[in-house]
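It should be emphasised that the depicted structure is a prediction, and the values quoted were computed from it without experimental measurement.
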2 protein chains.
Amino acid sequence: MIEGPYIAEAAALIGDPSRATMLSALMDGRALTATELAYSSGITPQTASGHLGRLTQARLVEVEKQGRHRYYRLANAHVAHALEALMNLAVHGPPRHRPTGPRDEAMRFARTCYDHLAGRVGVALAQSLLKSGILEERNGAFEITANGEAWLEKLGLDLASLNKGRRAVASRCLDWSERMPHLGGALGAVLLKELEAREWLLRVDGTRAVTLTKSGKAGLRRNFGISLD
Amino acid sequence: MIEGPYIAEAAALIGDPSRATMLSALMDGRALTATELAYSSGITPQTASGHLGRLTQARLVEVEKQGRHRYYRLANAHVAHALEALMNLAVHGPPRHRPTGPRDEAMRFARTCYDHLAGRVGVALAQSLLKSGILEERNGAFEITANGEAWLEKLGLDLASLNKGRRAVASRCLDWSERMPHLGGALGAVLLKELEAREWLLRVDGTRAVTLTKSGKAGLRRNFGISLD
DNA sequence: ACTATATTTCGTTTAATACCGAACTATGAT
DNA sequence: ATCATAGTTCGGTATTAAACGAAATATAGT
């Protein structure tokens, strides 16, 4: 009784195509300016301003003023989570005409999901970590093994700090394009950062797609036994 | 790029107050008829019929014809999950006037969340299971301990069958009213069934609220050290 | 056959809101 | 000071879709 309207409020906000596209763009994890967001969803700045105002008021996004720019980002992981959940619904929807562009293919191959890696590469990475006993799947969740802890230390990653936050360390995040789990949570986030730092992955223009560099391809094969294409 | 519109499609469907209320009613886990759903959201059957048609087409709900009745239920756990995620957004929203009725209070006290127990009672139960070492919280997920397995067997619950499905056994489900975790997953579901079978809990009319019986109050205190009010 | 109930289809009204153009404010650069 | 860029506010238009009444269809019971 009580909750229907509240759900509707949030869902209606996300339910507008322009707003949904803007939120999608923010799934990147980064902050974008109002004009960038307007451009990304193909509307004029005036219209985007109105949308962003409503999204901010509803606490779905947060603003940060910097000079004459306003940087918008998703307000918290809950928002990203809800967007993911909706994405999974869309995929489970009716089999109907869904045109697949080249950009689409790039997204399916590798993309960011809020702050971790998704797509074929993300899923392959998760599978590799499971196979080599770094992660374990228990009761539908991911778990770092003793082996895994040692492996992390060797990588120079600070396990203690991962455990610090209230955030799940290794969460099992269902991939909408692959329908297989990829790795999220704090570990997923630092792993993506690490891959970017090594320049194995490069972010692409204004989308969430990422490309695999040559060294990345080699590195993934050498370190994780992943061969793609 | 590609996904914005898809998210929007699902979200827009959920975003209508009448539809959201109907979906909420189905969070019960049970199947309801078209007229019951119409009544629950305060609209006429014609209007509800239209809504339900769209929800079915989008595979958010499923229909089963039985004579002249049509029973609607949520299509899958993904839908329930998305609704939960949206509910959490709503709670994290702006502090603004939210009238609280008596029915509201009943929901906050104890209710079903898809197929497990939520509300103050649900949260208290989860806390008790954690405290007595039946469950463990690891990396933001729930986990059954060795102690817990023994306890389950004593209760006559079949642990093997819980592990069978692909479903998580003990999932940590954020409670929107308490902002604390309650127990979901396969274990959450059988536990709710058990409590209902013992008549410790009774479902209330057409809502998701459940009431605690006298024996339930006593039982919870005796077996779980939970004292409410 | 006849009646009652459940649900859908159709047509119309009405309310909400996304969108843009124009004008305005704020910040930064020259 | 002047200009350019980023963003917002306001007003009007146009589209969408939610809602109901009326009437049709389907099933069950008598």
Which parts of nucleotides 12-27 of chain D does protein reach within less than 4.0 Å, heavy atoms only, written one letter per nucleotide 5' to 3' as B for base, S for sugar-phosphate only and - for none?
------SSBBB----B

Determine the minimum heavy-atom distance between Leu212(B) and Lys217(B), stating which atoms define it.
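Between these two residues, the closest heavy atoms are CG-N, 3.9 Å.
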
For the side chain of Thr33(A) and the backbone of Glu36(A), is there at least one donor-acceptor N/O pair under 3.5 Å apart?
yes

Looking only at side-chain N and O atoms, does Thr47(B) offer a donor or acceptor that is under 3.5 Å from a partner on Thr44(B)?
yes

Separation of [X] atom [atom1] from [N] atom [atom2], in whole Å?
| X | N | atom1 | atom2 | result |
| --- | --- | --- | --- | --- |
| Glu36(B) | dT5(C) | CD | P | 16 Å |
| Glu9(A) | dT17(C) | CD | C1' | 15 Å |
| Tyr39(A) | dT5(D) | OH | C1' | 18 Å |
| Glu64(A) | dA6(D) | CD | P | 18 Å |

Before giving the answer on side chain to side chain donor-acceptor pair (under 3.5 Å), spell out for His182(A) and Asp175(A) the whole-Å C-alpha distance, their side-chain angles and the decisive distance to 0.1 Å.
CA-CA 6 Å; His182(A) 60 247; Asp175(A) 197 285; 2.8 Å; yes

For Arg198(B), all residues meeting side chain to side chain contact (heavy atoms under 4.5 Å, CB included), sequence neighbours excluded:
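Side chain to side chain contact (heavy atoms under 4.5 Å, CB included) check on Arg198(B) returns Leu155(B), Glu194(B), Trp200(B).
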
Could I get the full list of side chain to side chain contact (heavy atoms under 4.5 Å, CB included) partners for His81(B), not counting sequence neighbours?
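If we apply the side chain to side chain contact (heavy atoms under 4.5 Å, CB included) test to His81(B), skipping adjacent residues, the hits are His81(A), Ala85(A).
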
Within the structure shown, what part of the strands sits under 4.0 Å from Tyr71(A) by heavy-atom distance: base, sugar-phosphate, or nothing?
nothing

